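Shown next, in structure tokens, is the structure this report addresses.
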Amino acid sequence: MTAERGQVRVLTGLDAGAYPHGNSVLVTGRDETVLIDPSMSVVARGGAGPVDRVVLSHVHEDHVAGLVRYPETPVHAHQDDLAAMSSLDAMVASYGLDPEAAPIFADQLVDQFHFRARPDAIGYGDGARFDVGGSTIEAIATPGHTPGHCCLLIEPESVLYLGDIELSGFGPYYGDRDSSLDDFERSIERCRSIEAAWYVTFHHKGTYTDRAEFLAALDHFASAIDRRDRLLLDYLDTPCRLDELVRRRILYRPHVQLTWVDSAERHSILLHLARLVARGQVTLVGDDTWARA
Ligand SMILES: [Zn+2]
């Protein structure tokens, strides 16, 4: 299934773009065809046709999987995510996994996500423009999820591709080694300020054509941050060690089994603890142990 607006086509992913699939975007200009975030579905479908370059919103396993179909095609990523494309080791390291999970995830990256290092990947910065002939793709730095995460604004179609500011009920993901909760919040506000005709998410929410619906979804998405703060404060009614907080979780539901769950919980909880301590709501009461202030 595809949706089209001018020279822009949203390639709806298998399973409606639910992880590990996703919605890639193809921009077919007069001079060039650019594929944005080649997904696992691009792999499953044997590619997305001839492409002159690939532009990545950020470097994560599900957004780079389809590069395996375009091993010779120039690929662009924000300079702050570029290192992860340079080698499998650098890619694995960028997630900041617990030591026992790292080798398991390295195998998954190669076997399930078709990861192939691309040390030739080219860096771009905030405001970079890709002119395909008749349309431009502009990078809008929206860090937090990863340091180099960008939204991509395609004009004149007025399509804002949101990458993993994905508007799901899960809420923002900032569980990697270099993720930033504060940056993510600023990035949400930057997205809010951009008026577009279409808002496209990589995962299953897909395409919003109504600004009011987009804004409501963005509010709901962002509200997960406060929910996690409150959950953590509830846990800390009695003093709690970090390992125990990780076991109790603030992101994932109890039944979810993913290689990176523990490290994602740990990184995220530490980001929340830092802000709750700064606000005077939580205090360190012992060795790796926190409680409500
Ligand atoms: Zn991502």
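Counting starts at 1 for both ligands and their atoms, in listed order. Computed from a predicted model, the values in this text were never measured in an experiment.
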Those residues that, when tested against Arg253, pass salt bridge (Lys or Arg N to Asp or Glu O under 4.0 Å) (two or more places apart) = none
Please identify each residue that fulfils salt bridge (Lys or Arg N to Asp or Glu O under 4.0 Å) with Asp111, with sequence neighbours left out.
->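 Partners of Asp111 by the salt bridge (Lys or Arg N to Asp or Glu O under 4.0 Å) criterion come out as none, since no residue qualifies.
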For the Zn ion (ligand 1), report each protein N, O or S atom nearer than 2.8 Å, sorted by chain and then by residue number.
->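 Listed by chain and number, the nearby protein N, O or S atoms are His58 NE2, His60 ND1, His145 NE2, Asp164 OD2.
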Identify, with sequence neighbours excluded, every residue that meets side-chain hydrogen bond (donor to acceptor under 3.5 Å, both in side chains) alongside Tyr70.
-> none
Between His272 and Tyr174, what is the ring plane arrangement, given parallel below 30°, perpendicular above 60°, and tilted in between?
-> tilted
Do Thr259 and Tyr95 come within less than 4.5 Å of each other through their side chains, counting heavy atoms only?
->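 Thr259 vs Tyr95: side chains apart.
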Do you know which of His267, His60, His145 makes side-chain hydrogen bond (donor to acceptor under 3.5 Å, both in side chains) with Asp176?
-> His60
